[in-house]
Every structure is written in structure tokens, then in C-alpha cells.
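Just so you know, ligand 1 is whichever comes first in the structure, and atom 1 is the first atom listed for that ligand.
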Amino acid sequence: MSTQRVLTGITTTGTPHLGNFVGAIRPAIAASNDPAVESFLFLADYHALIKCQDPAQVRQSSKEIAATWLALGLDTERAVFYRQSDIPEIPELTWILCCNAAKGLMNRAHAYKAAVQANEEAGEDPDFGITMGLFSYPVLMAADILMFGAHQVPVGRDQIQHVEMARDIAQRFNHNFAPLFTLPEAVVEDHVAVLQGLDGRKMSKSYHNTIPLFLPEKQLRKAINKIKTNLLEPGEPKDADDSTVFQIWSAFASAQETARMRADFESGIAWGEAKRQLFELVNEQLAPARERYEALMSDPAHIEAVLKRGAERAREHSAPLLAQVRKAVGIAEMC
Ligand code: TRP
């Protein structure tokens, strides 16, 4: 079997949290170790500019996300790990694709439609606060994907439409000019857990209910103690399936330890005790990576060197493909 090229981007806004780890980072690192897979993983910092106009935050988040992946053991000799903005071929391809992507297709993008609808509901102009960046977001994402001939794109459900748009744009280009682009497919990992946050809703930066991945030990304990529970007393049986403490437990524990905790819930483990055990488990698993993370955060030159090396490797793919694309659309030297 030929190797599958798997590509995914991480928007550099915010600090990685336990939900990112369980839902995206851990499975992506595992997949990158599969010899049948060629992984392309990148920091989507141009995408970050769409959501965040605070330069310090974009910079800090890029550093934290890069340090996180490295600390968790991403093998950057195998996986190609780079920063979107280090690949000048991406914005160039974005423009060429913009000239071939139907505006009507972009009008249908969920994120854009939601923004328009929110404006209409608020009695604002439909375009209020909507930038060309937000509108063109799916074209930039198509360039990310098509630039590297990705077969598979692991994404959350909210991103499936964007991958389908990339496929659509590729088909149109291939038909009109030259068959240069691989048609990508979205892969939604249904078996990975969607972690619940402090309040029991999905753990997400937008709900302000996250537990950052590399909190110092004391703060991690505090955060875990804040997870919402019901008022059942010690000794009263508790419903494991209705508990965020149990849900997070099962994302970190072995099958056997999960079964044991389920039994403890049935026999009435106290919330304080369940949380203490959860802290011990998560802390023990993350402590070695947390140490590496802290070392990396105080050595940005090392992170930078790793990213630069990744960009070099990525450009071995993007530069020749972009040359073909330019030629196909008529951007060429005279002789
Ligand atoms: N838009 C994606 C997100 O917010 C991040 C992203 C940017 C991406 N470019 C990509 C994901 C290309 C997969 C492939 O999650």
C-alpha cells in the first residue's frame, strides 16, 4: 500500500487544553508514528489573524502550541512540522485559488453565514465586522491542503465543510487548467473523546471552561477541584455517565482503571476523593511532558530552529508544485 499523506493545521489562538490534547494532539501524534502515514502538521498562524488582532497573543499562542507538540513527543524527523507563514507558496496559491473559487461557494460557508445571521438578528448591517479574511478563510485552508497533496485531513465536525470546499476548488482547477491537485478527504475521528469542560459542556476556549494542558501542578489540582459535580454525599451511588470527573478520567485511564472507577462511583466514592484520584492520574501522565514544555518555552531559539527545518522540508513539496500551478495559469517568464 502506498503511504497516505495526512495533513492538519492548528490555529494559533489560545493555550492548548486537555480537550485539545485528547481530541486532536494525542491522536495526531499517534498517527504520525504509523509507517503507512506521512504527516504534515502546521501552525496555522495566518488563520489566527482572522480571529485575533492581538499580535502578542498570536505570537504567544504560536510558541505555546509549538512547544506543546514538541514536548508531547512529536517526532519532527518523521512528521513535517512547520509554520504556515514560513511557506510563502501558501499565500501565493491562495490568490490563484481565489481567482478560481466561486464566490457563491464561499457564501455558503457555515462560519460566514453564522456571522451574517448574528448581524441580522442584532439589526446590524449584514457585513458588520466581517473581514475579507473571514470570508476567504476556506480558500486559505484549501491552499494549505492542496499545496501538499494531502489525501486525508483529520478535522473536527465544524471543519468538514471546509475540506469539501477544498475538494471542490481542486476539482475545478484540475478541470480548467491541469490535473495538479490531489482531492482531499475529511476524516472525523469518531472514536476519540470530546472532553467535557469545568461546567460539563464541551471543553472549549469559547466557553471559558478549559483546563490548560500544562498548568503547574498546584493549579492543575485547583482546576480539577473546580469541575462541576452534583450534591450527592459520600456513600451515595453516583452516575458515572453523567459525570465530567468520570469522563475525563476515562480519557486518561486504562480500560481496567476505568472499570474500577465506574464501580467506585456505583459504590459511592466521595467527589473529593474522585477528584484527588483524577488529579493524580492526569498529573502523573503529563508531568514529564510538562517539564519538557517548560524547558522549551524558555528556549524559543530551539523551537524556531525546529520550525525552520520543518519549513525547509515543506517547501521541497510546495515550491515545485507552485511552479507547476503558476505555469498552468499563465504566470510565466517570457522566454
Ligand atoms: N481551520 C482549522 C481549524 O480552525 C485549522 C486549519 C487551517 C486547518 N488550515 C487547515 C485544518 C488545513 C486542516 C487543514 O481547526
Side-chain angles (χ1 to χ4, degrees), residues 4-17 19-25 27-29 31-32 37-52 57-58 61-62 65-66 68-69 79-87 89-94 97-98 101 106 109-115 131 133-170 181-189 192 194-195 202-207 210 310-311 314 317-318 321:
Q4 285 289 298
R5 191 167 291 174
V6 178
L7 174 144
T8 203
I10 313 105
T11 305
T12 54
T13 48
T15 297
H17 54 70
N20 299 139
F21 172 66
V22 168
I25 307 174
I29 291 180
S32 74
V37 165
E38 211 184 339
S39 281
F40 282 65
L41 295 161
F42 67 96
L43 308 175
D45 54 348
Y46 281 139
H47 276 101
L49 298 187
I50 296 168
K51 296 192 207 164
C52 178
Q57 207 182 312
V58 174
S61 173
S62 299
I65 292 174
T68 297
W69 285 73
V80 185
F81 185 58
Y82 56 100
R83 174 169 50 199
Q84 187 183 33
S85 61
D86 283 336
I87 315 295
E89 290 80 15
I90 292 175
E92 190 169 343
L93 179 61
T94 301
L97 297 180
C98 265
M106 297 304 114
H110 300 314
Y112 168 70
K113 272 177 40 182
T131 63
L134 176 65
F135 187 67
S136 316
Y137 182 113
V139 189
L140 177 57
M141 186 159 155
D144 290 333
I145 296 169
L146 303 180
M147 192 81 268
F148 297 101
H151 302 104
Q152 295 184 342
V153 184
V155 284
R157 297 205 161 278
D158 59 319
Q159 299 289 323
I160 297 175
Q161 188 195 29
H162 293 147
V163 180
E164 282 168 358
M165 288 176 160
R167 194 181 168 88
D168 209 273
I169 292 170
F181 294 130
T182 302
L183 302 185
E185 226 174 82
V187 185
V188 178
E189 310 241 7
V192 302
V194 175
L195 221 60
K202 175 187 169 182
M203 190 180 287
S204 160
K205 185 178 158 251
S206 32
Y207 295 149
T210 67
H317 299 269
S318 59
L321 180 57

Under a 3.5 Å threshold, yes or no: a donor from one side chain and an acceptor from the other, between Thr13 and Thr11?
no

State, to 0.1 Å, how close Gly23 and Pro27 come at their nearest heavy-atom pair, and which atoms those are.
O-CG, 3.5 Å

If you round to the nearest 0.5 Å, how far is CD of Gln161 from NE2 of His110?
3.5 Å

Residues in the immediate environment of ligand 1 (any heavy atom closer than 4.0 angstrom):
Leu7, Thr8, Gly9, Thr11, Phe42, Ala44, His47, Tyr137, Met141, Asp144, Ile145, Val153, Val155, Gln159

Taking atom CD1 of Ile25 and atom NE2 of His17, what is their separation to the nearest 0.5 Å?
9.0 Å

Should the ring pair His317 and Phe148 be called parallel, tilted or perpendicular, given that the plane angle runs from 0 to 90° and is split at 30 and 60?
perpendicular

Distance col, row Leu97:CG vs Phe181:CZ, nearest 0.5 angstrom, shows 5.0 Å

